[in-house]
Number of protein chains: 4
Amino acid sequence: MKALVYEHDGQHTWKDVPDARIQEPTDIVVQVTATTICGSDLHILKGDVPEVTDGTILGHEAIGIVTEGGSSVRRVKPGDRVLVSCITSCGSCEQCRRQKYGLCTGGGGWILGHTIDGVQAEYARVPFADTSVYPVPEHLSDEQVLFLTDVLPTAFEVGVLAGRLAPGETMAVIGAGPIGIGVMMTAKLLSPSRIIALDMSDARLERSLTFGATDTVNNAGLTAVEILERIGLPDGVDLAVEAVGTPATFELAADLVAAGGRIANIGVHGKPATLHMERLWTRDITITMGLVDTHTIPQLLRLVQSGQLHPELLASHEFALADTTEAYEAFGNVAASNAMKVFMQAVPAAVPPAMAGAN
Amino acid sequence: MKALVYEHDGQHTWKDVPDARIQEPTDIVVQVTATTICGSDLHILKGDVPEVTDGTILGHEAIGIVTEGGSSVRRVKPGDRVLVSCITSCGSCEQCRRQKYGLCTGGGGWILGHTIDGVQAEYARVPFADTSVYPVPEHLSDEQVLFLTDVLPTAFEVGVLAGRLAPGETMAVIGAGPIGIGVMMTAKLLSPSRIIALDMSDARLERSLTFGATDTVNNAGLTAVEILERIGLPDGVDLAVEAVGTPATFELAADLVAAGGRIANIGVHGKPATLHMERLWTRDITITMGLVDTHTIPQLLRLVQSGQLHPELLASHEFALADTTEAYEAFGNVAASNAMKVFMQAVPAAVPPAMAGAN
Amino acid sequence: MKALVYEHDGQHTWKDVPDARIQEPTDIVVQVTATTICGSDLHILKGDVPEVTDGTILGHEAIGIVTEGGSSVRRVKPGDRVLVSCITSCGSCEQCRRQKYGLCTGGGGWILGHTIDGVQAEYARVPFADTSVYPVPEHLSDEQVLFLTDVLPTAFEVGVLAGRLAPGETMAVIGAGPIGIGVMMTAKLLSPSRIIALDMSDARLERSLTFGATDTVNNAGLTAVEILERIGLPDGVDLAVEAVGTPATFELAADLVAAGGRIANIGVHGKPATLHMERLWTRDITITMGLVDTHTIPQLLRLVQSGQLHPELLASHEFALADTTEAYEAFGNVAASNAMKVFMQAVPAAVPPAMAGAN
Amino acid sequence: MKALVYEHDGQHTWKDVPDARIQEPTDIVVQVTATTICGSDLHILKGDVPEVTDGTILGHEAIGIVTEGGSSVRRVKPGDRVLVSCITSCGSCEQCRRQKYGLCTGGGGWILGHTIDGVQAEYARVPFADTSVYPVPEHLSDEQVLFLTDVLPTAFEVGVLAGRLAPGETMAVIGAGPIGIGVMMTAKLLSPSRIIALDMSDARLERSLTFGATDTVNNAGLTAVEILERIGLPDGVDLAVEAVGTPATFELAADLVAAGGRIANIGVHGKPATLHMERLWTRDITITMGLVDTHTIPQLLRLVQSGQLHPELLASHEFALADTTEAYEAFGNVAASNAMKVFMQAVPAAVPPAMAGAN
């Protein structure tokens, strides 16, 4: 089979590799029909994720058809179309039993394309299938569900739910990339009165308006006080979601939040941030952070089925699965491509998906 | 009347001042029968709290007898013995209606001994009496309820409840001063399996054992990893309560907490802390902070009545109200006095209160 | 002044009465600019509410202009336009402090048009004004906010919030009268995947579709099993809201709910219901019931301001305040009028409000 | 092997049966070292549980040693001592993933001694072992953990946690049998100020006092009003736990609860109850009911380890595993034996367990 292999020093190649096969009775093998690229894949290529060793197949988001199932797999069978969660759940450790799959201590967590081979491939082995994949309702297309594997559960769980958003509240979303856009899409399920998108790219901000932002602010060169004044909320917002991952944006979140408010961090951080406890200690603030668990996948699937969520709108570009070089180039060079998420499919579609905001 | 007046440059004097009197229809005047000193009073004397102007009467914790009530006061009347909350609540702003009295925007919050005259005095004016004082059940002594004015609600609300402690969990309390001891006392109401007291004073740690600590660690010179190893919890504790207020102790809290755990900050901070987001972002941590609201005073009163809480044990020293110089000296010089909380009463008691841990 | 007075034996008259005036320092008097009729007013006229004595002015929902304020009123002043909650909150009893205003033990609760004179009058006295009325933002019309006095908070608090509705869930609303319609309107704020309206009137069901119902079932003669089969949810719904108030509809709610689901009762009951504990005890069901507290009025006001809630659509008929006879006739005879809510205003509007569903 | 087999018409025999053996890769076989009898076993013998067919081995509570494990069992291995939950969890259905194991749709739920052979036997097959059994810490005896298989999780989850008990609240426990006693034991973990035990047996009530009851009332012939007057709580209790299972006791619970309170039903009901909605609809009451999930077993194990919970005190009588006739006789005839729970062990202990309250 062919797969996208991480070589070393940022190199990756679409090449022949040994076929994926069952190793444990709880495994399945899926034929990948759709996959995508995540910001963390770019981090891996930069060498920021040392756990990834040379020769590892990349990718942790996929839709596929089950081709083979281990002897104890009960919930899916060959021929089933399944959504493969980016987080593998052993299903039986104490963390998994509390739906903290991202903290799985039984061999799961983020392992696909990280500590084991991933899904940017023609076929992939998925461990703990009964608790890590979800059957896709027949009438939903791959496009409609692919982004439920990672970006939308992340946005919803780590941003919206951890941030305890309630109807009528105000929120700021710092960073209007795919995750920030996902936060806006899923925040709308809970009817905030204001969703303020902050970014330094006007193109991203303009796109935010089609995904639920009620206000946009290009925050380049602006202080938190200036931002709050501009949006007419001098006391701050009820919820600030950090979706960038830098000390500056984290500290901006802390400066934007009202007394009694919440800061939900989603950003992947490489450096420490400064927490101004000398100002914050009296302000009744809650700060949350964490990996996605993907426990909301069934809930989000229902919302796609009922027409209340349109994940396919996140796809700005489409590629054949084999055209990985082009796909990584588009996703990795947003300034040029204005890419949000790429949709990669096994057999190129005759008709392209919805191209929201694509140029 | 006599009162303890903040002069300037750390000076304070017990001296004659004009009598406290009703200014608003929602005010009461109380004759103070018992009061105490808080760590924040020491901060004021050091000049750290610039809102306190020369001539202000200090103190925000008192038990007293109502001597006069404004025309619209309905819930207490002259002669009633009342507990005066350290937090004044207007009762009608949106924050107060959500029990966030510490964030009151209607003229309350921490005002006594801060922005208006306080209660280390023979008499004191208390604004918004209907929502800021609580009748004391007749059979409870001043000693039994004085520490429900501030230290125990702070420990319970900002430490234990904000930290969402559940039965069987493990917790660390960083700082075994009065607040830390209050955390241990009120944490026991929710039956954690382990309460680990951390401090650099062996005397304080030894005293912790009589207030609910199951383990003590003198953390001088120890890393978080060494501490966790010593207590046999290498993965960390479910809840870390910061009750000191320095960057080092805050960062220690972050290093002690297990994946999926909570950090509850109570400490009063004067400097920023470093938050190691590069390590924490995946760990599903929640950090809380905030002023006390004292909304649990009725609940804590019931627990004192039922014999499940013994606040009087916090009193290590007793003074007459007029002996403020001696009281501040004892409370301010813990190394010499080993003081926890001082109990100051209008008429010296013939029999001293329980002197837990006093030397 | 003129007011609608309950005489006896179902009689009511619009007639001259003594002017409303301040009695307590916490009172205000408002000039009523808009009011409406509630199902409970009809109950009073039938003699079902014995606490209402002859000569009482009816009505507990109003918008008005403050004409006079008691000496301790701080948050509103003469000239302010205010929303008068159907529930009066003393603001200082233990129930009010926990936002359980409907259970107020300090002299509030449902008193307007019940145990004291109400608001279907040219002027009305409103006790505990600081915690019982809310300033109306200038750019919102009376029509836009009148139904936040009772019907929408009731629907939202007692139906949607008590029922812990979450995005993607399924719900049944039994009874498509004004309250049931209010449940559908406010449920949409939380994005359920299905809202099934049940009623025996096809006209009401048809109207439900414009207020958020995704499905309608005329349940006359149908069993719960047949209903669930018809809507394709054989296992039941996640939430069943009872908005009628009969034993049969309550028992239907219990039969419609899925294992693990919730039943939220809003209906006003006059008779006991049978609870089939022999079937329910294993099914992990939660049943809630209670008077509205109206603690969500500020939240709902924000949602009207942001354009996410359109309470004015509940008004099916409009009358001048003085035309109470006609208004009661229309509201009391729904079969003939197809009325939902009536909008009564002090000075007849030149242009009628949105007449959703009126014929 | 020998086992207790349900014959028909209330007959049961300890006799030879085919050996328990692995049927699915997720099964284990355990050698039972300790087991007990549940009230539902008595219901089965009375013929009230028609799903139980002739020839079924009874019993759903056991401690045992793993003798064999299916090919996909990962978390336990032969030789491990395990606690067998009364509820089997498939671990992968949507209910199990939300910790609603009692509602398992994947083949689990209450199946042991019900729809498949149970554990009152020398050996037993346990399906879905990885998510249905728990390793027992070495230093804990069988006596200390046996009652964590059913009675204590039931009391804690369905009574205390569903009832949302908070420190300082008041509660009534209707029925002082094993479940009611378990409610008292686990309620103490959350420090209610009053635990009022109600029963018609003075012996049971007296025993309640040693398990945490602060008050006891023999409610034979008393109305709810009289009971509340006697205990000095005329407004009712915050939480009423029903632990009997009759219409009369359920209705008593509804009459004892204060406005704003909760009713938690644990009792197994065979008949409908009357719910006085005409009185309750305004009172802001929450009623919960449901099978145990046993998701708190790990939490309760930690509390046993830390010495905060002493389940062994529930054992009033001890028998050898083979002496099932005597054990059922003692447990089934409480009036004569005053039995609470029986402790049956494979090899009779030389020293009897703690005989709390046994006469």
Side-chain angles (χ1 to χ4, degrees), chain A residues 40 48-49 87 94-95 98-105 109-110 157-158 162-164 166 235 242 244-247 249-251 253-254 257-293, chain B residues 40 48-49 87 94-95 98-105 109-110 157-158 162-164 166 235 242 244-247 249-251 253-254 257-293:
Chain A
S40 53
D48 291 351
V49 190
I87 297 294
E94 197 163 345
Q95 297 288 9
R98 295 187 293 189
Q99 302 209 305
K100 304 248 179 191
Y101 313 142
L103 299 175
C104 176
T105 60
W110 174 31
E157 295 172 18
V158 187
R164 300 198 315 268
D235 294 334
E242 206 283 351
V244 178
T246 66
T249 46
F250 184 84
E251 290 158 38
V257 79
R262 289 88 58 200
I263 300 166
N265 182 79
I266 312 179
V268 176
H269 290 262
K271 294 181 194 158
T274 300
L275 196 61
H276 286 282
M277 291 301 293
E278 78 281 14
R279 294 199 299 261
L280 292 167
W281 77 273
T282 58
R283 286 173 62 73
D284 200 0
I285 303 294
T286 299
I287 305 173
T288 56
M289 61 201 70
L291 263 191
V292 66
D293 295 311
Chain B
S40 52
D48 291 351
V49 190
I87 297 293
E94 198 163 346
Q95 297 287 8
R98 295 187 294 190
Q99 302 209 305
K100 304 249 179 191
Y101 313 142
L103 299 175
C104 177
T105 60
W110 174 32
E157 296 173 17
V158 187
R164 301 198 315 268
D235 294 334
E242 205 283 351
V244 177
T246 66
T249 47
F250 184 84
E251 290 158 38
V257 78
R262 289 88 57 200
I263 300 165
N265 182 79
I266 312 179
V268 176
H269 290 262
K271 293 182 194 157
T274 300
L275 196 61
H276 286 282
M277 291 301 293
E278 78 281 13
R279 294 199 300 262
L280 291 167
W281 77 272
T282 58
R283 285 174 62 74
D284 200 0
I285 302 295
T286 299
I287 305 172
T288 56
M289 62 201 71
L291 263 191
V292 67
D293 295 310

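Residue numbers begin at 1 in each chain, while the letters A, B, ... track the order of the sequences.
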So does A:Ala254 get a backbone contact from the side chain of A:Glu251, meaning a donor-acceptor N/O pair under 3.5 Å?
no

Interchain contact, B:Lys100 with chain A, by part (heavy-atom threshold 4.5 Å):
side chain

Interatomic distance, A:Thr246 atom OG1 to A:His269 atom NE2 [nearest 0.5 angstrom]
7.0 Å

Solution key, residues 274-282 of chain A side-chain donor-acceptor pairs under 3.5 Å, sequence neighbours excluded:
unit_1: A:His276; atom_1: ND1; unit_2: A:Glu278; atom_2: OE2; d: 2.9
unit_1: A:Arg279; atom_1: NH2; unit_2: A:Asp255; atom_2: OD1; d: 3.0

What residue, out of A:Thr288, A:Ile263, A:Val268, has the most heavy-atom pairs lying under 4.5 Å from chain B?
A:Val268

Between B:Val292, B:Asp293, B:Leu103, B:Val158, which residue shows the highest count of heavy-atom pairs closer than 4.5 Å to chain A?
B:Leu103

Once you round to the nearest 0.5 Å, how far does CD of B:Glu242 lie from OG1 of B:Thr249?
3.5 Å

